Amino acid sequence: MDIDARKIIPQREGSQGQFPLTQNVTVVEGGTAILTCRVDQNDNTSLQWSNPAQQTLYFDDKKALRDNRIELVRASWHELSISVSDVSLSDEGQYTCSLFTMPVKTSKAYLTVLGVPEKPQISGFSSPVMEGDLMQLTCKTSGSKPAADIRWFKNDKEIKDVKYLKEEDANRKTFTVSSTLDFRVDRSDDGVAVICRVDHESLNATPQVAMQVLEIHYTPSVKIIPSTPFPQEGQPLILTCESKGKPLPEPVLWTKDGGELPDPDRMVVSGRELNILFLNKTDNGTYRCEATNTIGQSSAEYVLIVHDPNALAGQTGPDHALIGGIVAVVVFVTLCSIFLLGRYLARHKGTYLTNEAKGAEDAPDADTAIINAEGSQVNSEEKKEYFI
C-alpha cells in the first residue's frame with residue numbers, strides 16, 4: 001500500500017504531546033464491533049488501525065484490508081472509527097491504533113467476543129414415571145464463552161443441590177456445560193414443570209430455558225362422601241366415591257358387608273355414585289368403594305346407620321319432663337331454705353328479749369340488764385329458758 005510521504009515526516013515539537021486514545025470493546029458473536037481512536041490535538045498527523053495479526057485495516061480514510069465486514073465509520077484529524085460486522089470468535093484479540101508522529105505513538109484496544117450458548121436441552125426423562133422412582137434429568141448447552149451458568153427450577157422454586165460440569169469445546173474457545181438433577185418423585189409432582197435456565201452475559205438479561213413437564217403414575221386414593229350426615233328411614237341417600245389416581249381408575253366397584261349389593265332395584269350405581277332409594281333399617285351395614293388402575297388398588301368404607309325420623313325429631317326437641325323436674329326441685333329447695341332461715345331469726349330474737357327481762361330487776365339500764373341476765377344463766381340452772 002502506498003503511503004503519502006508527507007504524513008510520516010517528523011512533526012514539529014508541539015506534536016510530541018499528542019497521544020491516541022482507545023477503549024476495549026466487548027461484542028456478542030455475530031454482532032458488530034465499533035473501534036474508535038481519538039486524538040485531542042492533532043496537526044494533520046495520520047491515524048491507523050491494525051488487527052491482532054498486525055495487518056493494517058484502515059490508514060486514515062483509506063481501506064487497506066479487503067474484508068467486506070470492515071467499514072469506515074468516521075475519519076478526521078481527531079478521530080478514526082471503523083466497524084467490524086458479523087464478528088466471529090477468531091476476530092477476538094488486541095487491535096492497535098497508531099498515530100504517525102515521530103516516534104509513532106500507539107494505543108491498544110482489546111476486542112472480546114462472547115460465545116452465545118445454544119438453546120439448552122433436557123434429557124433423561126421417560127414417560128411415565130412411577131411414584132417413588134428416582135428421576136435423573138440432565139440439562140446441556142454448548143458454545144458459550146465464557147462458560148454459561150445453569151440453574152434448575154421446580155414449581156418456580158430454585159433447586160440448589162445439583163451437579164455441574166464444564167468441558168472445553170473442540171475449538172478451544174467455547175465451552176459445553178451440563179447440570180444433573182436427581183430427585184425422588186411422588187404424586188404431587190404430576191403435571192409439574194421442571195425448568196432448566198441458562199444465564200450468560202451474551203443473552204442481554206434474557207435467559208434461555210428448557211422445560212420438562214412431569215407425568216407421574218400413582219395408585220388411587222379413595223374416600224366416600226355421603227349426601228347427608230344423618231340418613232333417615234324413607235329418604236334417599238347418595239354415596240359418592242371420590243377417587244384420584246393416574247391413570248384415572250374407572251369404573252369403581254361397590255360392595256356391602258363384603259358381598260354384592262343386596263337390592264339392585266333400590267341400590268343403583270351410576271358412575272362413581274351409589275344411589276339408595278327409600279332407606280330402611282335393612283340397609284344398615286358397611287359399604288365399600290374400591291378403585292383400581294394399572295398401578296394398584298385402593299378402597300374406602302362407609303358405615304351406614306339409618307335413623308328413625310321420629311327419634312331424630314325427639315332428640316332435637318326440648319325434654320319438657322326433664323325441665324319440669326328441675327323446676328320442682330329448685331322450688332322445693334328454695335321453700336326449705338326460707339323456712340329454716342325464719343326459724344333461726346325467730347329463735348335468736350326470743351332469746352334476746354328473755355335475757356333482757358331477767359336482768360332488768362337489778363340493773364339501771366337495758367345493757368346492764370342483758371349482762372346481768374347472761375351472768376345469772378351461768379350460776380343458776382333454774383333461770384334457763386327455751387324458746388320455741
Side-chain angles (χ1 to χ4, degrees), residues 23-34 84-94 109-219 221 244-247 295:
Q23 287 185 331
N24 294 333
V25 177
T26 299
V27 64
V28 176
E29 184 180 11
T32 298
I34 304 296
V84 182
S85 60
D86 195 18
V87 173
S88 65
L89 295 173
S90 61
D91 291 322
E92 183 173 85
Q94 188 167 265
Y110 196 89
L111 175 61
T112 300
V113 181
L114 301 177
V116 182
E118 297 176 359
K119 183 175 177 60
Q121 300 290 332
I122 296 178
S123 61
F125 179 76
S126 58
S127 181
V129 180
M130 304 302 157
E131 182 179 27
D133 285 355
L134 181 64
M135 178 177 290
Q136 184 177 84
L137 300 178
T138 300
C139 180
K140 179 183 289 188
T141 178
S142 301
S144 59
K145 176 182 171 295
D149 183 35
I150 294 180
R151 300 166 68 186
W152 287 95
F153 294 85
K154 179 182 173 187
N155 279 342
D156 296 326
K157 183 179 180 181
E158 185 172 1
I159 304 172
K160 296 290 189 179
D161 188 17
V162 296
K163 301 173 184 177
Y164 181 84
L165 178 64
K166 177 178 70 174
E167 297 177 317
E168 192 175 61
D169 293 333
N171 59 18
R172 305 187 66 85
K173 292 181 180 293
T174 59
F175 295 89
T176 294
V177 293
S178 61
S179 179
T180 302
L181 171 65
D182 296 314
F183 65 100
R184 196 170 298 279
V185 299
D186 58 37
R187 62 187 61 198
S188 65
D189 292 319
D190 183 50
V192 168
V194 175
I195 295 174
C196 162
R197 192 176 91 181
V198 175
D199 293 310
H200 194 263
E201 54 188 302
S202 67
L203 300 177
N204 296 322
T206 304
Q208 293 182 342
V209 297
M211 182 176 68
Q212 178 64 63
V213 178
L214 304 182
E215 182 182 0
I216 312 300
H217 282 194
Y218 54 93
T219 57
S221 60
K244 296 179 181 179
K246 196 162 186 180
I295 310 303

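What you see is a predicted model; the values in this text were computed from it and never measured. The first residue in the sequence is number 1, and the count goes up from there.
In this structure, the side chain of Ser144 does not engage the main chain of Gly115 through any donor-acceptor pair within 3.5 Å. At distances below 3.5 Å, not a single donor-acceptor pair connects side-chain atoms of His217 with backbone N or O atoms of Ser127.
Atoms CD and CD1, from Gln23 and Ile34 in turn, are 13.0 Å apart once rounded to the nearest 0.5 Å. Here the straight-line distance linking atom CG of Asp182 with atom CG of Asp161 works out to 8.5 Å at 0.5 Å rounding. If you take CG on Asn24 and CD on Gln94, they are separated by 8.5 Å, rounding to the nearest 0.5 Å. Expressed to the nearest 0.5 Å, how far CD of Glu29 lies from CG of Leu89 amounts to 4.0 Å. Summarising the geometry, atom CG belonging to Asp149 is positioned 11.0 Å from atom NZ belonging to Lys166; distances are rounded to the nearest 0.5 Å. Rounding to the nearest 0.5 Å places CE of Met135 at 8.0 Å from CD of Gln212.
For Asp186, the side chain to side chain donor-acceptor pair (under 3.5 Å) partners two or more places apart in sequence, or in a different chain, are Ser188. Among residues two or more places apart in sequence or in another chain, the salt bridge (Lys or Arg N to Asp or Glu O under 4.0 Å) test is passed with Glu92 by Lys145. For Asn171, the side chain to side chain donor-acceptor pair (under 3.5 Å) partners are Thr174, not counting sequence neighbours. For Ser90, the side chain to side chain donor-acceptor pair (under 3.5 Å) partners at least two apart in sequence or on another chain are Ser88. Take Lys157 and apply the salt bridge (Lys or Arg N to Asp or Glu O under 4.0 Å) test, not counting sequence neighbours, and it matches no residue. Contacts of Arg184 classified as salt bridge (Lys or Arg N to Asp or Glu O under 4.0 Å), with partners at least two apart in sequence or in another chain: none. Residues passing the side chain to side chain donor-acceptor pair (under 3.5 Å) test with Ser126: none are found, sequence neighbours excluded. Every residue was checked against the salt bridge (Lys or Arg N to Asp or Glu O under 4.0 Å) condition with Asp169, not counting sequence neighbours, and none meets it.
Residues Leu203 and Val198 approach most closely at CD1-O, 3.5 Å, considering heavy atoms. Pairing each heavy atom of Pro146 with each of Phe175, the nearest pair is C-CD1, 4.3 Å. The two residues His200 and Ala148 make their nearest non-hydrogen contact at CD2-CA, 3.7 Å. Summarising the geometry of Ile122 relative to Val194, their closest heavy-atom pair is CD1-O, 4.1 Å, with the distance given to 0.1 Å. Contact between Ser202 and Val116 at its shortest, heavy atoms only, is OG-CA, 3.6 Å. The two residues Asp91 and Asp86 come nearest to each other via the heavy atoms OD2-O, 4.3 Å.
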Evaluate the side-chain contact (heavy atoms from CB on, under 4.5 Å) criterion for residues Leu137 and Trp152: first the C-alpha distance (whole Å), next the side-chain angles of each, then the deciding distance (0.1 Å), finally the verdict.
CA-CA 10 Å; Leu137 300 178; Trp152 287 95; 3.9 Å; yes
Check step by step if side-chain contact (heavy atoms from CB on, under 4.5 Å) holds for Leu214 and Val129.
CA-CA 8 Å; Leu214 304 182; Val129 180; over 6 Å; no
Yes or no on side-chain contact (heavy atoms from CB on, under 4.5 Å) for Thr26 and Leu114, after CA distance, side-chain angles and deciding distance?
CA-CA 7 Å; Thr26 299; Leu114 301 177; 3.8 Å; yes
Between Thr32 and Val27, is the side-chain contact (heavy atoms from CB on, under 4.5 Å) condition met? List the steps.
CA-CA 7 Å; Thr32 298; Val27 64; 5.7 Å; no
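A 4.5 Å side-chain heavy-atom check between Tyr218 and Ile295 finds every atom pair outside the cut-off.
Around CE of Met130, the count of heavy atoms belonging to other residues, nucleotides or ligands within 6.0 Å exceeds 12.
The salt bridge (Lys or Arg N to Asp or Glu O under 4.0 Å) pairs that include a residue from residues 189-204 are Arg151-Asp199, Lys154-Asp189, Asp190-Lys246, Arg197-Asp199, where partners are two or more places apart or lie in different chains. Within the structure, the salt bridge (Lys or Arg N to Asp or Glu O under 4.0 Å) test picks out the following pairs touching residues 117-137 (sequence neighbours left out): Glu131-Arg187. Among residue pairs with one or both ends in residues 154-210, those qualifying as disulfide (SG to SG under 2.5 Å) are Cys139-Cys196; sequence neighbours excluded. For residues 152-184, there are no disulfide (SG to SG under 2.5 Å) pairs, not counting sequence neighbours.
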